[in-house]
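Before any comments, here is the structure.
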Amino acid sequence: MEIFVDSANIDEIKTWIGYGVIDGVTTNPSILLKDGVFEMENGIRAIAECIGNRPLSVEVTTDELEEMHAQAVEFTSWAENIVVKIPVINQFGQPSLGVIHRLREEGVKVNVTGILSFNQLVLAAQAGGTYLSVFAGRVSDEGNDASTVIKRSVKFTERWNLGKVLVGSIRGTADIQSAIVAGAHIITIPPEFLLKMVDHKYTRETIREFIDNAKKAVLDMSEAPESIERIETGKEMAK
Ligand code: E4P
């Protein structure tokens, strides 16, 4: 399984890459806005540069199919590790499958985004998506079971050797655990949840106890020179 970070915050991305737990980065227009990346090309180039050869997903910002293709070609000229995010349908319900297929034929890696059902995933995979982004949180918003969609998707893609199932729209660490158990190939996680995964209040307490006791031991040693002397003398006598 791989972990991607769902962020455009360059400091957070660098931090988590530095921890050695991140295999790629995903963004979307809402994330770019939230993280203050208003000038897309320079912002994306900067992220792409600091993540080595890991993939960086960048989403098209249009409903027009021809324009989607043109943007995809432009994005991939910014850096070698760019993967283009194409929504499975546009906001009017028009399938983007032809654009995905065309890009695939041209050797461009596509992350098919906005997938909320197994039906959509099947067609996105058939069209040639390298990554198939299932939005777990939004599947749940609709009252459906994200784990079922993920499990079926993983089974299908592995059986027919199609794209990787990438789970996004994470709303909490329980979603991450469910996606892992369901067999997701990749989970893209916002930095705040990565931090929640590693933190634990009882671990903090435990470490505090160890540090306090280590300090006490040093203090005890300095306050009890006689006992150290006795130990030293004991060593001498044993010789
Ligand atoms: C995944 O690649 C998307 O960027 C993201 O996870 C979407 O999630 P949202 O439901 O928080 O918008």
Side-chain angles (χ1 to χ4, degrees), residues 1-10 12-13 16-17 21-38 40 43-44 47-48 51 54-63 68 71-72 75-76 81-91 96 99-100 103 108-118 120-121 124-125 129-147 149-150 153-154 157 163-180 182 184-197:
M1 195 202 70
E2 292 174 89
I3 295 179
F4 287 6
V5 58
D6 204 18
S7 175
N9 180 320
I10 203 150
E12 294 278 15
I13 293 169
W16 286 98
I17 293 266
V21 295
I22 297 301
D23 304 293
V25 177
T26 49
T27 65
N28 65 39
S30 304
I31 290 173
L32 292 178
L33 181 68
K34 176 174 78 69
D35 290 336
V37 180
F38 306 127
M40 203 174 165
I44 293 298
I47 298 171
I51 64 170
R54 295 170 184 84
L56 166 62
S57 290
V58 184
E59 186 157 348
V60 295
T61 57
T62 175
D63 279 313
M68 278 185 196
Q71 285 190 358
F75 295 170
T76 54
N81 52 347
I82 286 176
V83 171
V84 182
K85 258 185 170 180
I86 305 278
V88 63
I89 51 173
N90 68 11
Q91 64 174 306
S96 311
V99 182
I100 296 161
L103 288 167
V108 174
K109 283 186 182 161
V110 175
N111 175 346
V112 186
T113 195
I115 296 177
L116 295 175
S117 72
F118 180 54
Q120 290 178 317
L121 182 129
T130 300
Y131 301 98
L132 307 158
S133 286
V134 176
F135 278 18
R138 292 185 192 249
V139 170
S140 307
D141 288 345
E142 293 279 286
N144 295 315
D145 180 26
S147 288
V149 177
I150 297 164
S153 302
V154 168
T157 53
K164 289 184 182 180
V165 178
L166 190 161
V167 177
S169 188
I170 295 296
R171 304 276 167 80
T173 54
D175 292 342
I176 300 166
Q177 294 177 40
S178 306
I180 294 168
H185 299 127
I186 307 167
I187 305 176
T188 188
I189 307 175
E192 68 258 39
F193 298 126
L194 287 168
L195 198 58
K196 281 196 170 173
M197 283 173 81

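Each ligand, and each atom within it, is numbered from 1 in the order the structure gives. All of these numbers come straight from a predicted model, not from anything done at the bench.
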Measuring from [X]:[atom1] to [Y]:[atom2], what's the distance to the nearest 0.5 Å?
| X | Y | atom1 | atom2 | answer |
| --- | --- | --- | --- | --- |
| L32 | I47 | CG | CD1 | 6.5 Å |
| Q120 | T113 | CD | OG1 | 10.5 Å |
| D175 | I180 | CG | CD1 | 11.0 Å |

Is there a nitrogen or oxygen of S133 sitting under 3.5 Å from a nitrogen or oxygen of ligand 1?
no
Can you check whether D6 has an N/O within less than 3.5 Å of an N/O in ligand 1?
yes
Only heavy atoms of [X], strictly under 4.0 Å: list the atoms of ligand 1 that pass.
| X | answer |
| --- | --- |
| N28 | 3 (C), 4 (O), 5 (C), 7 (C) |
| R171 | 10 (O) |
| K85 | 1 (C), 2 (O), 3 (C), 4 (O) |
| G168 | 6 (O) |
| F135 | 1 (C), 3 (C), 7 (C) |
| R138 | 9 (P), 10 (O), 12 (O) |

Take E59 and S57 through the side-chain contact (heavy atoms from CB on, under 4.5 Å) test and state the conclusion after the steps.
CA-CA 7 Å; E59 186 157 348; S57 290; over 6 Å; no
Would you check if the side chain of Q91 reaches a backbone N or O of D63 as a donor-acceptor pair within less than 3.5 Å?
no
Backbone N/O of T188 and side chain of D6: donor-acceptor pair under 3.5 Å
no
Does some non-hydrogen atom of E59 fall short of 4.0 Å from ligand 1?
no
Measure the distance from atom 8 (O) of ligand 1 to every protein heavy atom, then report the residue, atom name and distance (to 0.1 Å) of the closest one.
S169 CA, 3.2 Å
Under a 4.5 Å cut-off applied to non-hydrogen side-chain atoms, are N111 and L166 in contact?
yes
Considering all heavy atoms, the nearest I3-L194 contact:
CG2-CD2, 4.2 Å
Does ligand 1 have a heavy atom under 4.0 Å from the side chain of I31, from its backbone, from both, or from neither?
side chain
